[in-house]
Engineer: 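Below are the structure tokens for one structure; questions will follow.
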Amino acid sequence: MLTPARTRGSLRATAAAVSLASLLLTAGCGASAGSGGHARATAAVPAGFPVTIDNCGVRTTYDRPPSRVVTIHQHPAELMLALGLKDRLIGTAFPDSAVLPELKEDYASVPRLADREPSFETVLDAEPDLVYGGYGSAFDAKEGRSREAFADAGIDTYLNREYCGEKRVTMRDTYDEIRTIGQIFGVRDRADRLVADLENRVGRAATAVAGEPEVSVFVYDSGDKSAFTAGGRSLGTELIRLAGGENVFADLDDVFGDVSWEQVVEREPDVIALYDYAGAGSVEQKKEFLLSRPALADVPAVRNKRFVVLPLTATLVGIRSAYAVEDLARGLHPGSFR
């Protein structure tokens, strides 16, 4: 039985290796930071600070860059590592997918606090001055991890902008997220370089498939009695468009949602994009499940066994989304990359 493995907050309950390597080599060039959160206010204020950030209805003024950061979920950690901020990370949690090869060593060097979201007490024990959450569930009030609870403990929080509201998520959100994190940590130049690298990667892929006919795509996240898929507000829909395709459920007015298998059959997708992440069945299990359903036998994507695999982290607001455009473009229009 293939069912969703996580509650994605309110939804349901980047650069090339060489470019990233060059960014990582500059990791020691940012403003130095001590420890102790607001107690550091008596020290000299670094250039460019204080910085005030409005994030999902929470306004935070940073007197200096955070120095002890816990990330909850993988994509915030990868974004920080790509900006050369390994020295600021004291803990991470809830890995979703294989880490980008150029970040793998650095990611492995950061202590893992939990395989899923850590408890409030576990985070407090790490003594962070900032907690950076990837999904809305990072700050689940029912689990005692509300942003208010962290604030009461003297710890700042930041939530990935994908979970700030009901608007459609686009690549612009990715670029804005990177630049905002660059502001918070006093590494705006690095953020600008990373954004430029990612924009170039997306541009090359989009140019390669320009003029090709759109390919219809069904996103299969999970589910058996119904299909949990990416809707029109998801970043996945934009990634598919940039790659020369069209999400067959772009009219679903949500980021994610359930659709019936009858709807999938009616929309006759040419390709199925499989979201790959821990806890929702392997890619091979998902393929086997889809190929074994008699009702789907005449769906073009199933009949022709056309699947594209995307790590879930590549479909979120983070550095991986630019990579996803290229992977999708190659899967939808292989002839454009020969």
Engineer: Does Ile181 reach the side chain of Leu83, with side-chain heavy atoms less than 4.5 Å apart?
Structural biologist: yes
Engineer: Should Arg59 and Asp54 be marked as a salt bridge (Lys or Arg N to Asp or Glu O under 4.0 Å) after you check the CA-CA gap, both sets of side-chain angles, and the distance that decides it?
Structural biologist: CA-CA 4 Å; Arg59 172 170 284 197; Asp54 290 309; 2.8 Å; yes
Engineer: Yes or no on side-chain contact (heavy atoms from CB on, under 4.5 Å) for Val51 and Arg188, after CA distance, side-chain angles and deciding distance?
Structural biologist: CA-CA 12 Å; Val51 169; Arg188 298 187 192 204; 3.9 Å; yes
Engineer: Could you go step by step and tell me if Tyr163 and Phe139 meet the side-chain contact (heavy atoms from CB on, under 4.5 Å) rule?
Structural biologist: CA-CA 11 Å; Tyr163 291 84; Phe139 302 118; over 6 Å; no
Engineer: Any link between Val58 and Tyr132 through a network of hydrophobic side chains (Ile, Leu, Val, Met, Phe, Trp, Tyr) touching at under 4.5 Å?
Structural biologist: no
Engineer: Give the ring-plane orientation class for His73 versus Phe94, where under 30° counts as parallel, over 60° as perpendicular and anything between as tilted.
Structural biologist: tilted
Engineer: For side-chain contact (heavy atoms from CB on, under 4.5 Å), just list the numbers for Leu130 and Phe185, CA-CA rounded to whole Å, side-chain angles, deciding distance to a tenth of an Å, and then say yes or no.
Structural biologist: CA-CA 11 Å; Leu130 175 67; Phe185 288 92; 3.9 Å; yes
Engineer: For residues Phe256 and Phe228, establish whether the separation of their ring centroids is below 6.0 Å.
Structural biologist: yes
Engineer: Can you check salt bridge (Lys or Arg N to Asp or Glu O under 4.0 Å) on Glu326 and Arg201, steps first, answer last?
Structural biologist: CA-CA 8 Å; Glu326 181 177 358; Arg201 179 179 285 271; 2.7 Å; yes
Engineer: Taking C-beta and beyond as the side chain, do Glu117 and Asp140 meet within less than 4.5 Å on heavy atoms?
Structural biologist: no
Engineer: If you look at every heavy atom in His333 and Val215, which pair is closest and at what distance?
Structural biologist: CE1-CG2, 3.6 Å
Engineer: Classify the angle between the aromatic ring planes of Phe218 and Trp261 as parallel (below 30°), tilted (30 to 60°) or perpendicular (above 60°).
Structural biologist: perpendicular
Engineer: With Ser321, which of Asp173, Thr315, Thr313, Thr174 fulfils side-chain hydrogen bond (donor to acceptor under 3.5 Å, both in side chains)?
Structural biologist: Thr174
Engineer: When rounded to the nearest 0.5 angstrom, what distance separates CZ in Phe49 from CG in Asp63?
Structural biologist: 9.5 Å
Engineer: Measure across Ala230 and Ser234 and return the closest heavy-atom pair with its distance rounded to 0.1 Å.
Structural biologist: CB-OG, 3.5 Å
Engineer: Under 6.0 Å from the CG atom of Asp251, do we count more than 12 heavy atoms belonging to anything else shown?
Structural biologist: yes
Engineer: With rounding to the nearest 0.5 angstrom, report the CG to CZ distance, Leu235 to Arg320.
Structural biologist: 13.0 Å
Engineer: How long is the gap from CG on Leu332 to CD on Glu246, to the nearest 0.5 Å?
Structural biologist: 11.5 Å
Engineer: Do Ile155 and Leu124 have side chains that get closer than 4.5 Å, going by heavy atoms?
Structural biologist: yes
Engineer: Taking all heavy atoms of Gly231 and all of Thr237, pick out the closest pair and write down the distance.
Structural biologist: O-OG1, 2.7 Å
Engineer: Please test Val265 against Leu296 for side-chain contact (heavy atoms from CB on, under 4.5 Å), starting from the C-alpha separation and ending with a verdict.
Structural biologist: CA-CA 6 Å; Val265 172; Leu296 301 179; 3.7 Å; yes
Engineer: Please check if Phe337 and Val308 belong to a single hydrophobic cluster, counting links between Ile, Leu, Val, Met, Phe, Trp and Tyr side chain heavy atoms closer than 4.5 Å.
Structural biologist: no
Engineer: Do Val283 and Val302 land in one hydrophobic cluster if side-chain heavy atoms of ILVMFWY residues count as linked below 4.5 Å?
Structural biologist: yes
Engineer: Table please: side-chain donor-acceptor pairs of residues 207-214 below 3.5 Å, with sequence neighbours left out.
Structural biologist:
| unit_1 | atom_1 | unit_2 | atom_2 | d |
| --- | --- | --- | --- | --- |
| Thr207 | OG1 | Gly203 | O | 2.8 |
| Glu212 | OE2 | Ser336 | OG | 3.4 |

Engineer: Can you measure from CZ (Arg190) to CZ (Arg193) and round to the nearest 0.5 angstrom?
Structural biologist: 7.5 Å
Engineer: I'd like to know if the side chain of Lys305 and the backbone of Lys287 have a donor-acceptor N/O pair within less than 3.5 Å.
Structural biologist: no
Engineer: Side-chain contact, heavy-atom cut-off 4.5 Å: Leu291 with Phe307?
Structural biologist: yes
Engineer: What residue pairs, at least two apart or across chains, pass disulfide (SG to SG under 2.5 Å) with a residue in residues 46-151?
Structural biologist: Cys56-Cys164
Engineer: What is the distance from atom CE of Met80 to atom OH of Tyr107, rounded to the nearest 0.5 Å?
Structural biologist: 12.5 Å
Engineer: Has Arg267 got a side-chain atom pairing as donor or acceptor with Asn247's backbone, closer than 3.5 angstrom?
Structural biologist: no
Engineer: Do Arg161 and Thr180 have side-chain N/O donor and acceptor atoms under 3.5 Å apart?
Structural biologist: yes
Engineer: Quick one: does Arg145's side chain have a donor or acceptor within less than 3.5 Å of a partner on Ala138's backbone?
Structural biologist: yes
Engineer: How about Asn55 and Thr60: do any of their side-chain heavy atoms sit closer than 4.5 Å?
Structural biologist: no
Engineer: Are the side chain of Ser216 and the backbone of Asp270 linked by a donor-acceptor contact shorter than 3.5 Å?
Structural biologist: yes
Engineer: I'd like to check Asp276 versus Ser97 (side-chain heavy atoms, cut-off strictly below 4.5 Å). Are they in contact?
Structural biologist: no
Engineer: Which heavy atom of Ala324 sits nearest a heavy atom of Ala314, and at what distance?
Structural biologist: CB-O, 3.3 Å
Engineer: What pair of heavy atoms forms the shortest contact from Leu79 to Glu177, and how long is it?
Structural biologist: CD1-CG, 3.8 Å
Engineer: So, do Val169 and Glu238 sit near enough that their side-chain heavy atoms are less than 4.5 Å apart?
Structural biologist: no
Engineer: Closest approach of Thr157 and Tyr62, non-hydrogen atoms and distance?
Structural biologist: O-OH, 4.1 Å
Engineer: For the atom pair CD1 (Ile90) and CZ (Arg68), what is the distance rounded to the nearest 0.5 Å?
Structural biologist: 4.0 Å
Engineer: With a 4.5 Å heavy-atom cut-off, do Ile178 and Leu198 have their side chains touching?
Structural biologist: yes
Engineer: Can you check whether Asp221's main-chain N or O pairs, donor with acceptor, with Lys286's side chain at less than 3.5 Å?
Structural biologist: yes
